[in-house]
Structures are given as C-alpha cells and as structure tokens.
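Here is how names work: the chains are called A, B, and so on, in the same order as the sequence lines, proteins then strands, and each is numbered from 1.
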Amino acid sequence: MRPGFYARDVCTVARELIGCVVRHGDCSGVIVETEAYHESEPACHAFAGLTARTQTLFGPPGRAYVYRSYGIHALLNAVAEPEGVGAAALIRALEPLDGLELMRERRGISAIDQLCSGPGRLTQALGIGLEHNGSDLETGPVEILPRRTGAPPPQLARSRRIGITKAIDHEWRYSLADSRFVSRPRPLEARS
DNA sequence: CATGGGATTGACT
DNA sequence: GTCAATCCCATGC
C-alpha cells in the first residue's frame with residue numbers, strides 16, 4: 001500500500017481495503033468485506049485502554065492485529081490511525097484468488113464460496129494464526145496489496161457490524177455489493 | 001488466583 | 001431455529 005494508507009480514519013481505511021488483496025504464501029484473495037473498530041466505542045478491544053492484549057492496536061499502523069476469538073478462531077485486522085490511537089479494520093471475507101487447492105485442504109471443504117466467507121474461515125484458509133500478530137502487512141509474511149490503479153472503484157455497500165453486543169448502531173461494515181463471497185446476505189442500502 | 005465473556009463456526013433439532 | 005467448543009485475557013477478590 002502507498003505510504004500513509006493506514007494512518008487515517010479507520011472507517012476510510014476499512015472502506016478502501018475493499019478490492020485489495022490479502023496474500024500469505026501461495027494463497028491469496030480479494031477483500032470483499034471489512035469492519036472498522038475504534039478505541040472511542042465499546043465494541044473495540046482498545047476501548048479498555050492499553051493492555052497486553054491491545055498493544056498491537058495502539059502500535060504503528062499497517063501491522064496485523066490477530067487475536068483468538070471464542071477460543072477457536074484467529075481473526076485478522078489491519079491496524080489503522082496514527083500510532084497511539086487504538087483502531088483497526090477487521091477483514092471479514094475474501095474472494096479466493098490463488099492457492100485454491102491448499103485452501104480446500106486447510107478448510108476441509110471444496111465449495112469456493114465458503115472457503116473465505118467469514119473472519120474465522122479466511123484465516124484458516126490462508127494459514128494465518130496468532131503468530132502473525134504484530135507483523136508488518138507491507139513486508140509480510142502476511143501482505144495486503146493495493147487494488148489496480150485505473151480500475152473502476154468497487155461498488156460498496158454499508159451496514160451495521162456483525163456479531164457484537166455493544167455500539168451496534170454504527171454502520172461501520174463495508175462490503176462489495178452483489179458479491180456472493182461476503183459472510184452474510186447483502187446489506188440493504190448500497191452506495192458508492 | 002478464579003471467574004466470565006466473547007469482532008465465530010459447524011453440527012444438530 | 002438452538003447450542004457447544006475452547007482459550008486468551010480483563011477484571012475482581
């Protein structure tokens with residue numbers, strides 16, 4: 001990504017990540033769904049302040065924040081906003097691009113639209129784990145690559161975040177309109 | 001030191 | 001539709 005991409009408002013970052021590519025080793029996919037989390041609202045882990053768990057969130061932008069959810073799944077976020085501000089964009093779904101067979105092996109299923117359609121599913125498919133917490137998304141091993149310049153901007157949809165119990169009214173979930181790879185049915189309102 | 005709650009998923013009724 | 005799995009870590013005693 002270009003310099004400074006992540007050091008901005010986390011909602012802008014989450015929105016502009018749609019269409020970018022996540023790659024780990026031989027596996028990659030196009031981001032079709034993200035959510036923004038910010039220290040100012042209680043749904044964000046950083047709301048509790050600087051703790052052992054949230055160090056990465058408050059650290060430099062452009063790093064991976066990976067944490068374990070429900071004791072089972074690893075969830076991948078891109079740290080945003082300037083260093084010292086706790087915020088990140090959760091990567092919720094990908095459209096599989098490369099390494100389909102390895103993804104199928106890791107996931108134990110073959111249906112392409114279920115390989116990466118969920119935050120826990122995509123980390124399993126790409127082999128991303130807690131060991132990647134704090135790693136640099138610019139240099140890898142987990143990378144986020146910009147979408148091609150000149151390509152038409154993706155048609156976006158916006159809606160409320162999923163699976164949380166606090167600050168549920170923020171419309172901070174962004175997704176690619178009409179994509180069959182998002183984790184839940186397409187939100188109602190679409191805007192560019 | 002003990003406890004409780006998840007930014008989820010898959011299996012099952 | 002319901003529900004359990006499973007573990008990190010924040011919180012409270």
Side-chain angles (χ1 to χ4, degrees), chain A residues 6 9-15 17-18 20 22 27 29 31-59 61 63-81 85-96 103-135 137 142 144 157-176 179-187:
Chain A
Y6 296 102
D9 168 75
V10 67
C11 288
T12 303
V13 172
R15 190 171 59 238
L17 279 175
I18 302 293
C20 298
V22 178
C27 295
I31 299 173
V32 298
E33 183 182 346
T34 62
E35 284 177 1
Y37 288 87
H38 188 272
E39 63 179 36
S40 64
E41 42 93 14
C44 183
H45 294 166
F47 185 73
L50 183 57
T51 65
R53 181 193 207 187
T54 60
Q55 275 192 9
T56 309
L57 276 174
F58 285 94
R63 303 283 184 85
Y65 170 52
V66 185
Y67 73 95
R68 187 167 300 292
S69 171
Y70 292 92
I72 303 173
H73 309 285
L75 270 55
L76 172 67
N77 299 249
V79 176
E81 309 258 353
V85 179
L90 169 69
I91 313 297
R92 283 195 57 90
L94 306 177
E95 175 176 341
M103 290 190 198
R104 290 185 166 115
E105 252 177 62
R106 288 173 171 150
R107 294 270 299 119
I109 59 163
S110 59
I112 187 172
D113 56 0
Q114 294 177 56
L115 286 179
C116 300
S117 299
R121 292 171 172 178
L122 70 92
T123 54
Q124 184 186 24
L126 297 212
I128 296 170
L130 298 192
E131 68 272 21
H132 297 111
N133 184 41
S135 68
L137 293 169
V142 178
I144 296 185
R158 179 187 188 192
S159 58
R160 300 203 295 196
R161 295 177 294 182
I162 289 173
I164 57 174
T165 58
K166 302 162 192 163
I168 59 173
D169 286 336
H170 289 122
E171 293 205 327
W172 285 1
R173 176 190 185 219
Y174 301 94
S175 54
L176 184 59
S179 173
R180 70 189 233 254
F181 298 97
V182 299
S183 67
R184 302 281 175 95
R186 189 170 64 84

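- For A:R107, a side-chain nitrogen or oxygen approaches OP1 or OP2 of B:dG10 to under 4.0 Å.
- The side chain of A:P119 approaches B:dT9 more closely than any other nucleotide in the set C:dC7, B:dA7, B:dT9.
- For the atom pair A:R158 CZ and A:S175 OG, the distance stands at 11.5 Å (nearest 0.5 Å).
- With a 3.5 Å ceiling on both atom-pair distances, C:dT6 lacks any Watson-Crick or G-U wobble partner.
- Ion pairing between a basic and an acidic side chain is recognised when a charged N comes within 4.0 Å of a carboxylate O; A:E41 and A:R161 show such pairing.
- Computed from coordinates, the A:R121 CZ to B:dG10 P distance equals 4 Å when rounded to whole Å.
- Of the candidate nucleotides C:dT11, B:dA7, B:dT8, B:dT8 has the atom nearest to the side chain of A:H73.
- Contact of the A:I112 side chain with the A:F181 side chain is registered, since non-hydrogen atoms from C-beta on lie closer than 4.5 Å.
- Whole-Å rounding puts the A:E35 CD to B:dT8 P distance at 7 Å.
- Spacing between atom CG of A:L75 and atom C1' of B:dT9 amounts to 11 Å, rounded to whole angstrom units.
- For A:S69, no side-chain nitrogen or oxygen approaches OP1 or OP2 of B:dA7 to under 4.0 Å.
- A heavy-atom distance below 4.5 Å is not found between the side chains of A:R63 and A:Y6.
- As rounded to whole Å, 19 Å separates atom P of B:dA7 from atom CD1 of A:I128.
- Atom CD in A:Q55 sits about 17 Å away from atom P in C:dC8, given to the nearest Å.
- For the pair A:L50 CG and C:dA10 C1', the interatomic distance rounds to 13 Å; values are reported in whole Å.
- With hydrogens and angles left out, the side-chain atoms of A:E33 and A:S183 include a donor and acceptor closer than 3.5 Å.
- Phosphate proximity of B:dT8 to A:R92: present, with a side-chain N or O under 4.0 Å from OP1 or OP2.
- Each of A:Q124 and A:A46 was assigned the nucleotide of DNA chain B with the nearest heavy atom; the assignment lying further toward the 5' end belongs to A:A46.
- As rounded to whole Å, 11 Å separates atom P of B:dA11 from atom CD of A:Q114.
- A:Y67 places its OH atom 15 Å from the C1' atom of C:dT6, with the value rounded to the nearest Å.
- Of the candidate nucleotides C:dA5, B:dA7, B:dT9, C:dA5 has the atom lying nearest to any side-chain atom of A:I72.
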